[in-house]
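The residues of the chain are indexed from 1 along the displayed sequence. Any value given below was found using the heavy atoms of this structure, including those in side chains, with hydrogens, waters and symmetry copies removed.
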Amino acid sequence: MKQMIKSNPIPAILQWQIGKKLVTVINDSFFPASDDFFTNLPEGGVGTLLHDAFRPQPPVLTTNVFLIQSEDHPPILIDTGMGDKFAPSVNGRLLDALAFIDIQPDNIGIILLTHLHGDHFYGLVNAQGNKNFPNASVWISDTELAYWLDNENLNEQDRQNTADIRAALKSYEKLNAKDNEIVKGITPVPLPGHTPGQTGFLLYSEGEELLFCADVLNLPAIQTELPQVGFSTDVDYKLAVQTRIHILQDAANKRLLLAGPHFEFPCLYYVEKYQDRFRLIPKQWL
């Protein structure tokens with residue numbers, strides 16, 4: 001009997017219990033990159049490092065979205081992925097993944113945006129410009145908003161990004177944090193450099209902690225080995241490197257668990273420091 005193979009594989013989803021909060025990692029999309037995506041590369045590029053790490057050449061960037069569920073707050077998304085902005089060449093799989101775990105778009109109450117590069121906010125709206133999450137309010141740092149919306153010195157590419165930001169955010173209500181917590185157990189953590197207002201989110205519950213560390217690492221296989229390698233969209237390269245090293249060193253010292261939108265699925269890692277480099281150690285899924 002001939003076996004039927006599904007042409008559309010199920011979404012890549014894994015759920016982690018952090019204290020009393022359920023964190024669902026959703027692999028939204030991936031897209032090919034090249035050495036042109038990076039700055040301050042070693043002589044000869046990154047081919048040898050990718051080969052030694054058993055990673056594809058040219059490099060592939062992966063994008064993840066996080067869903068947080070708790071009795072303390074409505075369902076929360078951290079970022080919204082690629083959406084269908086560049087479909088069919090790059091397809092955001094967030095909505096399919098949510099449906100797979102029986103979460104409807106109108107169940108989402110809060111969206112936390114780490115920063116305003118397109119692969120983190122395109123999924124806010126569909127191809128017609130309508131909200132994908134009709135009942136959600138959006139948190140984004142004031143510094144990040146000001147950089148993109150009140151900056152007369154942006155280049156042409158960034159001005160187009162600003163137009164996309166305005167279109168995506170115009171129908172969403174902005175959420176303002178109370179004190180330092182956005183909701184119970186989730187605190188914003190400034191991570192400037194990649195963009196001026198890039199923000200991570202520290203989740204804490206029942207003595208456990210997880211830092212969603214935004215684009216501190218764009219390609220972990222390279223930037224843990226060579227933290228000085230930058231990304232082409234870094235607004236402030238030197239500050240981005242300083243932030244990356246600080247977060248990785250702090251995570252190593254404190255045994256702090258990290259998750260990032262460009263970490264390799266299933267996305268939760270501890271950090272080990274060796275010499276002047278770092279190594280990501282995956283959390284065991286149980």
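Note that NE2 of His115 and CG of Leu145 are 13.5 Å apart. Values are rounded to the nearest 0.5 Å. Atom OG of Ser232 and atom CG of Asp36 lie 8.5 Å apart (nearest 0.5 Å). Here CG of Leu50 is found 4.0 Å from CD1 of Ile222. Values are rounded to the nearest 0.5 Å. Annotation: the span from Gln228 atom CD to Gln242 atom CD amounts to 13.5 Å, rounded to 0.5 Å. Atom-to-atom distance recorded for Leu124:CG and Asn130:CG is 12.5 Å, nearest 0.5 angstrom. Interatomic distance, Leu61 CG to Ser29 OG, rounded to the nearest 0.5 Å: 9.5 Å.
Within the 6.0 Å centre-distance limit, the rings of Phe86 and Tyr122 are counted as a close aromatic pair.
Between Tyr147 and Val235 the shortest side-chain heavy-atom distance falls below 4.5 Å. Considering only heavy atoms from C-beta on, Tyr237 stays 4.5 Å or farther from His194 through its side chain. Side-chain contact between Val138 and Lys174 is absent, with no heavy-atom pair separated by less than 4.5 Å. Put simply, the side chain of Val271 reaches to within 4.5 Å of the side chain of Leu280, judged on heavy atoms. The shortest side-chain heavy-atom distance between Phe212 and Leu210 falls under the 4.5 Å cut-off. When side chains are defined from C-beta on, Tyr269 does not count as touching Leu257, because their heavy atoms never get closer than 4.5 Å. The closest side-chain heavy-atom distance from Pro227 to Phe278 is below 4.5 Å. Contact annotation: the side chain of Asn91 never approaches that of Asp84 to less than 4.5 Å [non-hydrogen atoms, C-beta and beyond].
Applying side chain to side chain contact (heavy atoms under 4.5 Å, CB included) to Phe121 and the options Thr114, Ile140, Leu113 leaves one that passes, Leu113. Remark: of the listed residues Thr80, Thr63, Asp215, Asp215 is the sole one forming a side-chain hydrogen bond (donor to acceptor under 3.5 Å, both in side chains) with His120.
Crowding of Arg255 atom CZ: a count of heavy atoms from other residues, nucleotides or ligands under 6.0 Å not exceeding 12. Around atom CZ of Phe30, no more than 12 heavy atoms belonging to other residues, nucleotides or ligands sit under 6.0 Å away. Summarising the local packing, OH of Tyr274 is surrounded by more than 12 heavy atoms from other residues, nucleotides or ligands at distances under 6.0 Å. Surrounding NZ of Lys184 are at most 12 heavy atoms belonging to other residues, nucleotides or ligands under 6.0 Å away.
Listed for the Asp96 side chain is no donor-acceptor partner under 3.5 Å among the backbone atoms of Arg93. Using modelled atom types, one side-chain atom of Thr199 and one backbone atom of Gly197 make a donor-acceptor pair closer than 3.5 Å. Looking only at distances, a side-chain donor or acceptor of Asn132 sits under 3.5 Å from a matching main-chain atom of Gly123. Asn151 contributes no side-chain N or O that, together with a main-chain N or O of Ala146, makes up a donor-acceptor pair within less than 3.5 Å. Judged by distance alone, the side chain of Glu173 and the main-chain N or O of Ser137 form no donor-acceptor pair under 3.5 Å. Between the Asp234 side chain and the Phe231 main chain, a donor and an acceptor come within less than 3.5 Å of each other. Not a single donor-acceptor pair under 3.5 Å links the side chain of Gln284 to the backbone N or O of Leu286.
With sequence neighbours excluded, the residues satisfying side-chain contact (heavy atoms from CB on, under 4.5 Å) with Ile281 are Tyr270, Glu272, Arg279. With sequence neighbours left out, Ser205 forms a side-chain contact (heavy atoms from CB on, under 4.5 Å) with Lys20, Lys21. Contacts of Glu144 classified as side chain to side chain donor-acceptor pair (under 3.5 Å), with partners at least two apart in sequence or in another chain: Trp148, Thr195.
Residues Leu217 and Leu219 fall into different hydrophobic clusters, defined by Ile, Leu, Val, Met, Phe, Trp and Tyr side chains chained together at heavy-atom separations under 4.5 Å. In the hydrophobic clustering of this structure, Leu258 does not group with Leu203; members are Ile, Leu, Val, Met, Phe, Trp, Tyr whose side-chain heavy atoms approach within less than 4.5 Å, directly or through other members. Cluster membership for Ile103 and Ile26, using ILVMFWY side-chain heavy atoms within less than 4.5 angstrom, is shared. Transitive grouping of hydrophobic side chains (ILVMFWY, heavy atoms separated by less than 4.5 Å) brings Leu95 and Ile111 into a common cluster. Side-chain heavy atoms closer than 4.5 Å link hydrophobic residues (I, L, V, M, F, W, Y) into clusters, and following such links, even through other members, never connects Val229 to Ile247.
Looking at every heavy atom in both residues, Gly260 comes nearest to Phe66 through O-CZ, 3.6 Å. Listed here is the closest heavy atom pair of Pro192 and Pro190: CD-C, 3.5 Å. In plain terms, the two heavy atoms of Leu149 and Arg166 that are nearest each other are O-NH2, 2.9 Å. For the pair Trp139 and Leu175, the tightest heavy-atom approach, listed with the atom from each and the gap, is CD1-O, 3.2 Å. Nearest heavy-atom pair, Lys131 versus Ser171, reported as atom, atom and distance to 0.1 Å: CG-OG, 3.0 Å. Heavy-atom minimum distance, Leu191 versus Cys213: CD1-O, 3.4 Å.
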Please report the C-alpha distance between Asp164 and Thr162 in whole Å, then the side-chain angles of each, then the deciding distance to 0.1 Å, and finally whether the side chain to side chain contact (heavy atoms under 4.5 Å, CB included) criterion is met.
CA-CA 5 Å; Asp164 292 337; Thr162 292; over 6 Å; no
Glu181 vs Tyr204, side chain to side chain donor-acceptor pair (under 3.5 Å): CA-CA, chis, key distance, verdict
CA-CA 11 Å; Glu181 279 192 323; Tyr204 43 94; 2.5 Å; yes
Determine whether Leu67 and Ile108 satisfy the following criterion, side chain to side chain contact (heavy atoms under 4.5 Å, CB included), listing intermediate values before the conclusion.
CA-CA 9 Å; Leu67 170 70; Ile108 303 300; 3.9 Å; yes
Working note: Thr24 + Gln15, criterion side chain to side chain donor-acceptor pair (under 3.5 Å); need CA distance, chi angles, decisive distance, verdict.
CA-CA 4 Å; Thr24 303; Gln15 295 184 318; 3.0 Å; yes
Before you tell me yes or no, could you show the steps for Asp119 and Lys85 under salt bridge (charged side-chain N to carboxylate O under 4.0 Å, His left out), namely the whole-Å CA-CA distance, both residues' side-chain angles and the distance that decides it to 0.1 Å?
CA-CA 9 Å; Asp119 53 326; Lys85 174 79 171 178; over 6 Å; no
Under the side chain to side chain contact (heavy atoms under 4.5 Å, CB included) criterion, do Val25 and Ile13 qualify, and how do the steps go?
CA-CA 6 Å; Val25 181; Ile13 297 168; over 6 Å; no
With side chain to side chain contact (heavy atoms under 4.5 Å, CB included) as the test, would you mind laying out the steps for Ile182 and Thr187 before giving the verdict?
CA-CA 6 Å; Ile182 298 173; Thr187 300; over 6 Å; no
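In this structure, a donor-acceptor pair under 3.5 Å is present between the side chains of Asn27 and Asn64. Under 3.5 Å, the side chains of Gln157 and Asn161 contain no donor-acceptor pair of N or O atoms.
Using cut-offs of 30° and 60° for the angle between ring planes, the Phe31 and Phe37 rings count as tilted.
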